[in-house]
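Here is the structure we will look at, set down as structure tokens.
Remember, it's 1-based here, ligands and their atoms both numbered in the order they're listed.
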Amino acid sequence: MSNVGHAHSASPLMYGGVKLYSGTSSPELAQSIAKYLNLELCERDIVTFPNDNIFVKLHTSVRGQDCYVIQSTSIPVQHNLMEMLILIQTLRLDSAARITAVMPYMCYTRSDKKDQPRVPITARLVADMIEVAGADRYMTLDLHAGQIQGFFSIPGDVLYAFHILIPHLEQLAKKMKDPVFVSPDLGFAKKARNYAARLDLPLAFIEKRRSSNDPTAQALTMIGDVKGRDCFLMDEEISTGNTIMTAIKLMKEKGAEKIYLVFIHPVLAEGAAERIAALPVTGFITTDTIPMSPEKKTLFGDRLTIISVAELLAEVIGRANKGRSVGEMFNE
Ligand code: R5P
């Protein structure tokens, strides 16, 4: 990252050495983070017994060490979440000095409020579980809503893919015809505004309405002008793909030309990759907060660009270990 200085300076160590542990959900990303930090992932056994219980054993002691558990809590969510919690508890019981849950993607963040009677706030439950397991800190990227930070009483670093996506989008924008930045719903509008402002592009919004828990979203109204223009269409995550499909249908009806679809978290639930790949989209730009299978990558072919968050996470881990500011990486 061009605007990110390296963390390995002369500041004194606050904790023991960095110990990186990977769960089984995002091994390639964990490897890349380790590579940036010039470290090896620590050896551990993770076994799922025939009764579906998960068992963890560390190969070496972590007493007094600064430990990081890298695990995207993506599909299969229940398994990946439980695996991370068990890893954290194992480190706690082995007397780690500090434990950070590194979740490139945090699950259940769409359940962040009681917006109908008799429903849970599951994001709060997940935050509680992470703390109860023994984590001292957490690290994640682009939460569904910034306020979810308030569900934790431990400190955390919520990072933004903005810093790594912008250079790529800037290059693309140069090749686009009268580009406009489109938000597929009002929930993403504020972030879309930040991207549009940074790229110096006009903004358009789609008013989307969802009926209760029905994943079938309805794109209703376009606020802004896409006629005869190339568009960036961006959302935090694509799960079923319904939001994006309805958005693109509306954009095409309104005369949009080439569409570049940008999404931070490639959740891509069952059948979504097939549906999204079949859309009239010129380029798909996403990150590796959630790994994408080779089969899915093949569906998108050379229209797909995956921008890695490994260097960003590695840099922040290096700084956290040395007690250095993370904000200064972004001139904050
Ligand atoms: C919604 O609130 C989010 O920002 C995304 O629009 C949503 O998660 C996308 O879900 P789906 O792909 O299932 O429409």
Side-chain angles (χ1 to χ4, degrees), residues 72-77 80 103-116 119-124 126 140-149 151 158-162 165 181-196 203-224 231-252 259-281 284-287 289-290 292-293 296 299-300 304:
S72 202
T73 49
S74 50
I75 297 170
V77 170
N80 289 337
M103 291 170 287
Y105 173 73
M106 181 176 165
C107 60
Y108 284 110
T109 58
R110 283 165 70 181
S111 173
D112 62 351
K113 56 187 159 311
K114 281 193 74 173
D115 52 1
Q116 40 181 314
V119 296
I121 304 179
T122 318
R124 169 61 197 260
V126 171
T140 190
L141 269 119
D142 285 277
L143 287 171
H144 177 60
Q147 298 88 317
I148 291 166
Q149 294 168 51
F151 295 171
V158 178
L159 308 169
Y160 298 96
F162 182 90
L165 289 175
F181 206 93
V182 182
S183 174
D185 59 23
L186 298 178
F188 193 71
K190 211 168 154 188
K191 276 197 182 171
R193 188 189 62 193
N194 294 341
Y195 276 84
L203 188 57
F205 307 104
I206 292 169
E207 186 224 9
K208 172 184 92 175
R209 275 185 212 163
R210 252 187 222 284
S211 152
S212 189
N213 296 323
D214 181 355
T216 318
Q218 288 292 322
L220 295 178
T221 320
M222 170 76 71
I223 306 163
C231 304
F232 285 118
L233 172 64
M234 179 166 187
D235 205 350
E236 219 125 40
E237 65 177 58
I238 293 183
S239 177
T240 63
N242 283 316
T243 301
I244 289 305
M245 283 162 62
T246 46
I248 288 179
K249 186 165 173 281
L250 184 67
M251 288 164 72
K252 284 291 178 189
I259 297 174
Y260 292 85
L261 180 57
V262 189
F263 48 111
I264 298 166
H265 303 297
V267 175
L268 301 177
E270 183 73 43
E274 287 79 357
R275 286 192 287 275
I276 296 290
L279 292 171
V281 168
F284 297 89
I285 299 108
T286 189
T287 77
T289 59
I290 298 172
M292 201 184 288
S293 67
K296 285 182 184 167
L299 285 170
F300 294 112
L304 178 67

inquiry  = Please report whether ligand 1 has a polar contact with Glu236, defined as an N or O pair separated by less than 3.5 Å (distance criterion only).
reply    = no

key: Element-labelled atoms of ligand 1 that are located less than 4.0 Å from some non-hydrogen atom of His144   = 1 (C), 2 (O), 3 (C), 4 (O)

inquiry  = As a quick check of understanding, evaluate side-chain contact (heavy atoms from CB on, under 4.5 Å) for Thr287 and Asp142, giving each step before the final call.
reply    = CA-CA 11 Å; Thr287 77; Asp142 285 277; over 6 Å; no

query = Hey, what's the ring geometry for Phe263 with Phe284, parallel, tilted or perpendicular (30° and 60° as the breaks)?
reply = perpendicular

query = Any idea which part of Asp185 is under 4.0 Å from ligand 1, heavy-atom wise: side chain, backbone, both or neither?
reply = side chain

key: Interfacing atoms of ligand 1 (cut-off 4.0 Å, heavy-atom, Thr243)   = 6 (O), 9 (C), 10 (O), 11 (P), 14 (O)

message = I'd like to check the side chain to side chain contact (heavy atoms under 4.5 Å, CB included) partners of Lys190; sequence neighbours left out, ordered by chain and number.
response = Arg193

side-chain contact (heavy atoms from CB on, under 4.5 Å) evaluation trace for Ile290 with Glu237 = CA-CA 10 Å; Ile290 298 172; Glu237 65 177 58; over 6 Å; no

ask   = Who pairs with Glu274 by side chain to side chain contact (heavy atoms under 4.5 Å, CB included), at least two apart in sequence or on another chain?
value = Leu299

ask   = What atoms in ligand 1 come closer than 4.0 Å to a heavy atom of Gly241?
value = 11 (P), 12 (O), 13 (O)

key: Residue-ligand contact Arg110/ligand 1, heavy atom below 4.0 Å   = yes

